[in-house]
Amino acid sequence: MSNPELTYKILDYLKREISRETTKGKLTFTSKKIGVEIGERGEIRKINAILNMLTKEGIIKFDEKIKRYYIGKEDVKRVEEYQIKLEKALLLEYHKPLSNIEPPIDVYKIVKGMKQRIAQAKRKSIIKPIYDVNCPEKYTIIFRTYKMPGFIINNGGEKVFEAYRLGFMKPIKAIYRGEEMLIRRRWGKEIIITKNGGEEIAKMKGYGIEKAIFTYEEALSEISIPIAIALFAIKQFDVII
């Protein structure tokens, strides 16, 4: 998923336009037309990449004869479901990275089409890989980089999540509410969390410059923010475990 904010803006436009009587149940468009309509004329390449991605995922369609993308009223439900997926996702990036040696990590959500910060994590020091998470609930993420490398997440002094590497070049084993899962890198830019059976329940993927999006299943919703921050720190090599 590339550029979730712009993706949401495109989907919002499509949902709004297809509802108009003049479309007669079908809306055709190009990346250039979308750019003009949503006020993003300078982002045609990004818009084209997003439309290709949405086509591959079956959200919109492409007509080979007229070389145009299109959606019908029967596609609106899929558009709305994808918007809900984007609203649920967590977006992570550094806070003023050029002004800080150890910049805080900001966590955002898309709320009514706008990016809104919901949490921030600050590292205690360069030497101490410990992050204090400021969100509705107070969490602390403590990384172990030498003996049994991994990390734990505490909530008010109580350990709620634990992860440790199984061995050199091996995945990270995690335990949450008595259930075991694995954390591993995939295709360079992605980090995934799977259940023992292999079912994927969370994924972090990089986009833009030092940004990432974290999507997750309901099983991890309560601690999605601290897990996302921990994975972002690992992905960016802020900590080596």
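From a predicted model like this one, the values you see are computed outputs, not experimental measurements.
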Using a strict cut-off of less than 4.0 Å between a Lys/Arg side-chain nitrogen and an Asp/Glu carboxylate oxygen, indicate whether R185 and E190 qualify as a salt bridge. no

Does any non-hydrogen side-chain atom of I223 lie less than 4.5 Å from one of P226? yes

Parallel, tilted or perpendicular: which describes the rings of F143 and Y131, with under 30° parallel and over 60° perpendicular? perpendicular

For I127, the hydrophobic cluster (side chain heavy atoms closer than 4.5 Å, chained through members) also holds none

Beyond-backbone contact of K203 with I193, side-chain heavy atoms, under 4.5 angstrom: no

Minimum-distance pair of heavy atoms, taken over all atoms of E222 and Y176: CB-OH, 3.9 Å

Over 12 foreign heavy atoms within 6.0 Å of CD, E158: no

Are R68 and D63 ion-paired here, with the side-chain N under 4.0 Å from a carboxylate O? no

d(I213 CD1, E5 CD) to nearest 0.5 Å is 8.5 Å

CD of E210 to CD of E93: how many Å apart, nearest 0.5 Å? 10.0 Å

Determine, using the 4.5 Å side-chain heavy-atom cutoff (strictly less than), whether V76 and L27 are members of one ILVMFWY cluster. yes

Contact check, side chains of F29 and I60, non-hydrogen atoms, under 4.5 Å: yes

Salt bridge or not between E40 and K9? Use side-chain N to carboxylate O under 4.0 Å. yes

Tell me, with the steps shown, if I192 and I183 meet side chain to side chain contact (heavy atoms under 4.5 Å, CB included). CA-CA 6 Å; I192 62 170; I183 302 172; over 6 Å; no

Ignoring hydrogens, what is the shortest heavy-atom contact between I18 and K73? Give both atom names and the distance. O-CE, 3.5 Å

Can you hop from Y13 to Y70 via hydrophobic side chains spaced under 4.5 Å? no

Heavy-atom closest pair, residues P129 and V239: CB-CG1, 3.9 Å

Answer with yes or no whether the side chains of N134 and K138 bring together a donor and an acceptor at under 3.5 Å. yes

Would you confirm whether D75, through its side chain, and G72, through its main-chain N or O, come within 3.5 Å as a donor-acceptor pair? yes

Measuring only between side-chain heavy atoms, which start at C-beta, is T194 closer than 4.5 Å to R184? yes

When rounded to the nearest 0.5 angstrom, what distance separates CZ in F151 from CD1 in I130? 14.5 Å

Is it the case that over 12 heavy atoms from other parts of the model lie below 6.0 angstrom from the CZ atom of R117? yes

Check whether any side-chain N or O of N154 sits under 3.5 Å from a backbone N or O of G157 as a donor-acceptor pair, and report yes or no. no

Do you reckon V133 sits in the same ILVMFWY cluster as I118, going by side-chain contacts under 4.5 Å, direct or chained? yes

Would you verify whether the NZ or CZ of R123 falls within 45 degrees of the ring axis of F232 while also being under 6.0 Å from that six-membered ring's centre? no

For E200, the salt bridge (Lys or Arg N to Asp or Glu O under 4.0 Å) test, sequence neighbours excluded, returns R186

At what distance, to the nearest 0.5 angstrom, does CD1 of I225 lie from SG of C135? 4.5 Å

Going by the rule side-chain hydrogen bond (donor to acceptor under 3.5 Å, both in side chains), which residues pair with E217 if we only count those two or more places apart in sequence or in a different chain? none

Rounded at 0.5 Å granularity, tell me how far CD1 in I47 sits from CD1 in I34. 7.0 Å

By side-chain hydrogen bond (donor to acceptor under 3.5 Å, both in side chains) - contacts of E102 (at least two apart): none

Tell me every residue that passes salt bridge (Lys or Arg N to Asp or Glu O under 4.0 Å) with K67, counting only those two or more places apart in sequence or in another chain. E64

NZ of K32: more than 12 outside heavy atoms within 6.0 angstrom? no

Does Q120 reach the side chain of V107, with side-chain heavy atoms less than 4.5 Å apart? no

Tightest non-hydrogen contact, residues G35 and I44, listed as CA-CD1, 4.1 Å

Quiz item: cation-pi between K88 and Y216, 6.0 Å / 45°: yes

For M204 and A228 the tightest heavy-atom approach is CE-O, 3.2 Å

When rounded to the nearest 0.5 Å, the distance separating CD1 of I105 from CD1 of I229 is 6.5 Å

Would you name the heavy atoms of P4 and I110 that are closest together and state the gap between them? O-CD1, 3.7 Å

Pairing residues for Y94 by the side-chain hydrogen bond (donor to acceptor under 3.5 Å, both in side chains) criterion, not counting sequence neighbours: D238

Ring centroids only, cut at 6.0 angstrom: are Y8 and Y82 within range, meaning strictly under it? no

Single-linkage hydrophobic cluster, 4.5 Å side-chain cutoff, I172 and I201 together: yes

Other residues, nucleotides and ligands only: do more than 12 of their heavy atoms fall within 6.0 Å of CD1 on I101? no

Is it possible for you to say whether I38 and M53 belong to one hydrophobic cluster, with membership spreading through side-chain heavy-atom contacts below 4.5 Å? yes

Determine whether L92 and K211 satisfy the following criterion, side chain to side chain contact (heavy atoms under 4.5 Å, CB included), listing intermediate values before the conclusion. CA-CA 6 Å; L92 296 94; K211 296 181 179 181; over 6 Å; no

Counting only heavy atoms not in K122, do more than 12 fall under 6.0 Å of its NZ? no

Close side-chain approach of L91 to K115, heavy-atom, < 4.5 Å: yes

